[in-house]
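Let me begin by presenting the structure, written as structure tokens, before commenting on it.
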Amino acid sequence: ALERMLDGYFNMYQKRDEQEWEILAVEETLETDPNEFGFPFSARYDLIIIDHSISSKALRIVELKTSRSDDENVIQGYQQDLQILGQIWLAEKEILLSKYPPFLGSIVDIVTKHKAGPRCHRIPVQPAPEQLNNWERSQRAFWKLQVFYEDLGYPQNFSQCKRIYGRCDYFDFCRFSPQLTVDDIRGLADEQQQATNGNGS
């Protein structure tokens, strides 16, 4: 299946991309200073390119994805995807954009796993400044919630023990060791790590 997907992708785009894409970075990781923005965030970029397919050229992020489906929910979903919006937001904060052509956001490059043959889609994502500002506000709020839950010792959410997608990964642990707190678990993990390091020396 992977070979068919790669063949489909290269047949569709290889010649065009060799002519139109100037690759600046591959598998590049950027991260913020959490003290500056009120939350930590990092992202790994599959590609950062200069796109020569338009007359004025443009700086773009390219995110490579595979999907079982290419229905409208999948296609439109990337316009509000945490990762994609986060990559665009982070690029605007951490890349000196004045050194490059205009930054036009992201291209989500999807290859499907259809049995009849892979299908390829390139979805441009260029959110408005208000959308990125809202993403930043939401991330800051969720980070505060995480700190709040930590202060409370991460109380169990019993509504998530058995979910629509199946049992929680920690179902048996919480069932058979309900007395252990998160700090207890961290202590056990540290002891196990020390024992492993001791055995290896």
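All residue numbers refer to positions in the sequence shown, counting from 1.
- In this structure, CD1 in Ile123 is found 3.5 Å from CD1 in Ile110, a value given to the nearest 0.5 Å.
- Sorted by first then second residue, the salt bridge (Lys or Arg N to Asp or Glu O under 4.0 Å) pairs that include residues 26-40, not counting sequence neighbours, are Glu27-Arg44.
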* To do: Begin from the C-alpha positions of Tyr78 and Lys65 and carry the test side chain to side chain contact (heavy atoms under 4.5 Å, CB included) through to its verdict.
  => CA-CA 11 Å; Tyr78 285 108; Lys65 297 289 188 185; 3.7 Å; yes
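- For the atom pair CD1 of Ile95 and CG of Leu30, the computed distance is 5.5 Å after rounding to the nearest 0.5 Å.
- Both Tyr149 and Val182 belong to a common hydrophobic cluster when Ile, Leu, Val, Met, Phe, Trp and Tyr are linked at side-chain heavy-atom distances under 4.5 angstrom.
- Every side-chain contact (heavy atoms from CB on, under 4.5 Å) that Leu180 has, sequence neighbours left out, goes to Phe173, Ser177, Asp184, Ile185, Leu188.
- Here the side chains of Ile49 and Glu20 are not in contact, with every heavy-atom distance at 4.5 Å or above.
- In this structure, the separation between CG on Asp183 and OH on Tyr154 is 9.5 Å, given to the nearest 0.5 Å.
- Residues forming a side-chain hydrogen bond (donor to acceptor under 3.5 Å, both in side chains) with Trp89 (at least two apart in sequence, or on another chain): Glu136.
- The CD atom of Glu150 lies 13.0 Å from the CG atom of Leu145; values are rounded to the nearest 0.5 Å.
- Gln139 places none of its side-chain heavy atoms less than 4.5 Å from the side chain of Trp143.
- Using a 4.5 Å heavy-atom cutoff, the side chains of Gln80 and Gln131 are in contact.
- Cluster membership check: Ile107 shares its hydrophobic cluster with Leu64, using side-chain heavy-atom separations under 4.5 Å among Ile, Leu, Val, Met, Phe, Trp and Tyr.
- Between the side chain of Glu63 and the backbone N or O of Leu47, no donor-acceptor pair lies under 3.5 Å.
- Arg175 CZ to Cys168 SG: the interatomic distance, rounded to the nearest 0.5 Å, is 13.5 Å.
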* To do: For Val74 and Thr112, run side chain to side chain contact (heavy atoms under 4.5 Å, CB included): C-alpha distance rounded to whole Å, both residues' side-chain angles, the deciding distance at 0.1 Å, then the answer.
  => CA-CA 11 Å; Val74 171; Thr112 69; over 6 Å; no
* Stepwise side chain to side chain contact (heavy atoms under 4.5 Å, CB included) test for His121 and Val108 -> CA-CA 8 Å; His121 299 274; Val108 182; over 6 Å; no
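- Leu90 and Leu82 fall within a single hydrophobic cluster, where Ile, Leu, Val, Met, Phe, Trp and Tyr are joined by side-chain heavy atoms under 4.5 Å apart, directly or via other members.
- Phe148 CZ: 12 or fewer foreign heavy atoms inside a 6.0 Å radius.
- For residues 151-166, the set of pairs meeting the salt bridge (Lys or Arg N to Asp or Glu O under 4.0 Å) definition, not counting sequence neighbours, is empty.
- Side chains of Asn197 and Gln193: a donor-acceptor N/O pair is present below 3.5 angstrom, by distance only.
- Side-chain atoms of Tyr45 come within 3.5 Å of backbone atoms of Gln87 as a donor-acceptor pair (strictly under, hydrogens ignored).
- At least one side-chain heavy atom of Val62 sits less than 4.5 Å from a side-chain heavy atom of Trp21.
- Within 6.0 Å of atom CZ in Phe171, more than 12 heavy atoms from other residues, nucleotides or ligands are found, so the atom counts as buried in its surroundings.
- Put simply, CG on Asp169 and CD on Gln160 are 11.5 Å apart, with the number rounded to the nearest 0.5 Å.
- Within 6.0 Å of NZ on Lys57 lie no more than 12 heavy atoms contributed by other residues, nucleotides or ligands.
- Defined by atom type and a distance below 3.5 Å, a donor-acceptor pair is present between the side-chain atoms of Ser53 and Asp51.
- Using the six-membered ring where Trp is involved, Phe41 and Phe39 have ring planes that are perpendicular, over 60° apart on the 30 and 60° scheme.
- Qualifying side-chain contact (heavy atoms from CB on, under 4.5 Å) partners for Phe158, counting only residues two or more places apart in sequence or in other chains: Gln156, Cys161.
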Show which side-chain atoms of residues 96-106 pair as donor or acceptor with protein atoms under 3.5 Å away, not counting sequence neighbours.
none

